[in-house]
Amino acid sequence: MNKTNIRGCQLLFFWLTFILSIPLGSANAKQPNIVLMVADDHGREAFGAYGNNSIRTPHLDQLAKEGILFNHAYGTSASCSASRSVLLTGLQNHANGQYGHEHSYHHFATFDHVKSLPVRLSQAGYRTAQVGKFHIGPRATYKFDQYLKVVGQSADGSRNSVGMAKAAEPLIFAKSDEPFFLYLATNDPHRDHAKNSLGDNTFGNKPDDKGLALERLDYQAEDVEVPDYLPDIPETRRELAEYYQSVSRVDDTMGELVRLLKAAGQYDNTVIIYLSDNGTAMPGAKTTVYEPGIRLPLVVKTAKAHKAVTEQKINKTQAMVSWVDITPTILELAQVPFKKSDFNGTSFVPVLNEPNKNHGRDVIYASHTFHEITMYYPMRVVRNRDFKLIWNIAHGLQYPFASDLQIASTWQGAIERKLVNFGKRNFKDYLFRPVRHAGRFAKLW
Amino acid sequence: MREDSPNYGEHINLADHPDFQTIKNRLMAQLQSYQTETKDPWVYKWHYQ
């Protein structure tokens with residue numbers, strides 16, 4: 001054997017030794033941790049990075065600076081259970097069966113045969129954990145490895161949003177070769193059952209038992225920005241001040257989550273996806289398929305190794321994405337194989353790679369069938385980059401209200417004032433809708 | 001056309017506007033096709049419109 005062959009054998013031995021020394025678990029080490037944080041009724045008009053100069057959302061805005069802010073992200077339904085089921089299955093509601101609310105006598109559920117995102121990730125070796133609002137079923141379909149408990153929670157356990165992030169501390173700090181998937185869903189900024197001393201909903205804020213009204217909040221009525229789909233009346237402004245306060249708790253939750261991830265040395269290898277199930281809990285947004293109901297906030301902070309973060313400075317994309325895309329996107333980021341035909345959506349990882357390019361989705365579809373069991377009003381929507389069409393299938397019926405929206409002081413205040421329009425819409429047109437409603441929008445590209 | 005508000009595009013219903021009929025018909029066909037492809041039970045309601 002000559003010197004060249006000996007050196008070749010030595011080199012081969014060296015590489016074989018090196019390759020065999022890599023622990024099997026290191027294949028997982030390349031997989032990022034993934035956090036999917038879902039807010040409850042957070043409309044994009046109450047988000048600093050989307051242009052609201054009055055609300056304070058510093059942690060969410062910072063996430064947008066470090067990640068990618070989506071300007072044309074669309075939910076598929078402006079209703080809690082229905083929307084969440086789409087997020088975790090990649091299927092439209094008529095394909096997954098979750099047509100309305102899961103809780104109590106509403107009793108809608110996802111089809112048993114559907115294989116959800118947490119189940120897929122768990123089978124691929126992820127440690128999956130859930131904390132906060134669930135509101136989809138059956139539990140077996142949406143099975144997580146861990147259900148995290150919130151310490152020091154409020155009476156009904158729902159409004160300690162920051163506590164939800166703190167509850168994830170053991171998961172985030174655990175010594176493990178396996179990545180984690182955390183599904184954190186706040187109950188904020190949803191409406192609450194309580195009212196302040198002025199008769200406005202408190203949105204989960206501290207009770208107004210001393211009659212301080214808005215003085216107990218960080219926001220005042222004159223501070224808020226009233227979006228064009230709402231009437232600018234005192235009741236609206238007061239409710240928005242309460243709403244902003246609730247949004248701020250969501251922002252604080254993101255702040256705590258990021259703090260924990262950084263303290264654990266996990267931040268750089270964690271993908272954080274922040275979005276809302278549907279728009280603001282106001283008439284004209286939630287439970288409608290109008291833009292304020294389904295055009296929603298979406299921020300994605302990728303893992304540090306990701307090209308878009310390390311090589312590009314773009315943090316805003318005009319790409320159209322839909323909530324049916326979330327599951328396939330997370331699976332691709334997690335490097336978990338799947339069949340494209342398993343989902344109604346497609347992965348938007350190419351957008352994360354090149355946010356400034358059009359990656360082919362030029363249309364989104366949305367729907368509404370139920371919200372509460374009493375609210376049958378099927379609608380189907382197609383929205384492309386220029387135009388939108390709403391098909392009100394039950395157009396002969398009066399549009400049904402969610403119970404909390406009907407009694408909202410914003411709605412009742414507009415009625416008491418005998419306003420002709422609610423925001424930009426005529427009351428009659430809002431309640432009695434045409435078979436088809438069409439809109440035209442500016443070109444996105 | 002300028003986008004002053006993200007919602008402005010649907011403040012006025014163009015469904016019956018004569019200039020919009022070709023686009024509307026195309027959107028209706030696109031929606032119906034998607035419903036058929038994804039097996040939406042409500043697709044049969046088109047027959048009653």
Side-chain angles (χ1 to χ4, degrees), chain A residues 43-45 50-51 71-72 91-95 99 227-229 279 284-285 288-293 295 324 343-344 363-367 369 378-384 386-395 421 423-426 429 433-444, chain B:
Chain A
R44 54 177 269 156
E45 70 273 13
Y50 281 102
N71 195 31
H72 291 90
L91 296 168
Q92 295 278 2
N93 292 120
H94 58 258
Y99 287 113
D228 63 354
Y229 66 88
T288 79
V289 287
Y290 298 135
E291 294 290 278
R295 188 177 176 187
V324 282
F343 307 115
N344 296 143
V363 63
I364 61 96
Y365 299 92
S367 71
T369 305
M379 298 178 279
R380 297 295 183 267
V381 179
V382 55
R383 163 78 149 96
N384 62 29
D386 306 306
F387 303 103
K388 177 176 180 178
L389 181 74
I390 300 171
W391 178 29
N392 294 309
I393 301 171
H395 56 94
N421 291 331
K424 298 285 186 187
R425 282 195 179 80
N426 184 281
D429 293 340
R433 301 186 179 187
V435 60
R436 277 178 268 282
H437 185 106
R440 181 184 178 191
F441 299 86
K443 269 194 176 301
L444 304 184
Chain B
M1 188 181 290
R2 196 166 135 254
E3 189 171 7
D4 297 307
S5 152
N7 319 314
Y8 84 102
E10 58 186 354
H11 288 155
I12 299 170
N13 184 9
L14 298 174
D16 295 326
H17 194 288
D19 296 345
F20 197 75
Q21 296 313 299
T22 304
I23 293 165
K24 184 179 78 173
N25 291 335
R26 197 175 68 226
L27 289 171
M28 284 167 58
Q30 193 174 11
L31 179 57
Q32 192 169 354
S33 172
Y34 182 75
Q35 289 183 272
T36 303
E37 179 192 332
T38 57
K39 300 182 173 61
D40 181 356
W42 274 260
V43 72
Y44 87 92
K45 292 281 189 180
W46 284 104
H47 300 304
Y48 300 96
Q49 296 296 313

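Here is how names work: the chains are called A, B, and so on, in the same order as the sequence lines, proteins then strands, and each is numbered from 1.
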Could you look at [X] and say if it's the side chain, the backbone, both or neither that has a heavy atom under 4.5 Å from chain B?
{"X": "A/Arg436", "answer": "both"}
{"X": "A/Ser367", "answer": "neither"}
{"X": "A/Val363", "answer": "side chain"}
{"X": "A/Ile390", "answer": "side chain"}

Reported [atom1]-to-[atom2] distance for the pair [X] and [Y], which is rounded to 0.5 angstrom:
{"X": "A/Gln92", "Y": "B/Thr38", "atom1": "CD", "atom2": "OG1", "value": "6.5 Å"}
{"X": "B/His11", "Y": "A/Tyr229", "atom1": "NE2", "atom2": "OH", "value": "10.5 Å"}
{"X": "B/Leu14", "Y": "A/Arg440", "atom1": "CG", "atom2": "CZ", "value": "8.0 Å"}
{"X": "B/Tyr34", "Y": "A/Ile364", "atom1": "OH", "atom2": "CD1", "value": "9.5 Å"}
{"X": "A/His437", "Y": "B/Asp16", "atom1": "NE2", "atom2": "CG", "value": "11.0 Å"}
{"X": "B/Ile12", "Y": "A/Asp429", "atom1": "CD1", "atom2": "CG", "value": "11.5 Å"}

* **Proximal component of B/Ile23, with respect to chain A [non-hydrogen, under 4.5 Å]** =>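 For B/Ile23, the side chain is the part near chain A, not the backbone.
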* To do: Heavy-atom distances under 4.5 Å only: say whether B/Lys39 touches chain A with side chain, backbone, both or neither.
  => backbone
* Among A/Leu91, A/Thr369, A/Val382, which residue forms the greatest number of heavy-atom pairs with chain B at distances under 4.5 Å? ->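 Heavy-atom pairs under 4.5 Å are most numerous for A/Val382.
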* Asked: Among A/Ala438, A/Gly439, A/Gly423, A/Pro227, who wins on heavy-atom pairs under 4.5 Å with chain B?
  ->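 Among the listed options, the one with the most contacts to chain B is A/Ala438.
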* **All salt bridge (charged side-chain N to carboxylate O under 4.0 Å, His left out) counterparts of A/Glu291, not counting sequence neighbours** =>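 A/Glu291 satisfies salt bridge (charged side-chain N to carboxylate O under 4.0 Å, His left out) with A/Arg383, A/Lys388 only.
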* For residues B/Pro41 and A/His94, report the shortest heavy-atom separation together with the two atoms involved. => CD-CB, 3.8 Å
* A/Val381 versus B/Leu31, closest heavy-atom pair with distance -> O-CD1, 3.8 Å
* Asked: Heavy atoms, side chains only, cut-off 4.5 Å: are B/Trp42 and A/Met379 in contact?
  -> no
* To do: Could you point out which residue of B/Gln32, B/Gln35, B/Met28 forms a side chain to side chain contact (heavy atoms under 4.5 Å, CB included) with A/Trp391?
  =>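 It is B/Gln35; the other options fail the test.
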* Asked: Under 30°, 30 to 60°, or over 60°: which ring-plane class applies to A/Phe387 and B/Phe20, parallel, tilted or perpendicular?
  ->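 Ring orientation of A/Phe387 relative to B/Phe20: perpendicular.
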* What salt bridge (charged side-chain N to carboxylate O under 4.0 Å, His left out) pairs are there with at least one residue in residues 24-36 of chain B, not counting sequence neighbours? ->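 Of all non-adjacent pairs touching residues 24-36 of chain B, none passes salt bridge (charged side-chain N to carboxylate O under 4.0 Å, His left out).
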* B/Glu10 and A/Arg425: CA distance, side-chain angles, deciding distance, side-chain contact (heavy atoms from CB on, under 4.5 Å) verdict -> CA-CA 10 Å; B/Glu10 58 186 354; A/Arg425 282 195 179 80; 3.7 Å; yes
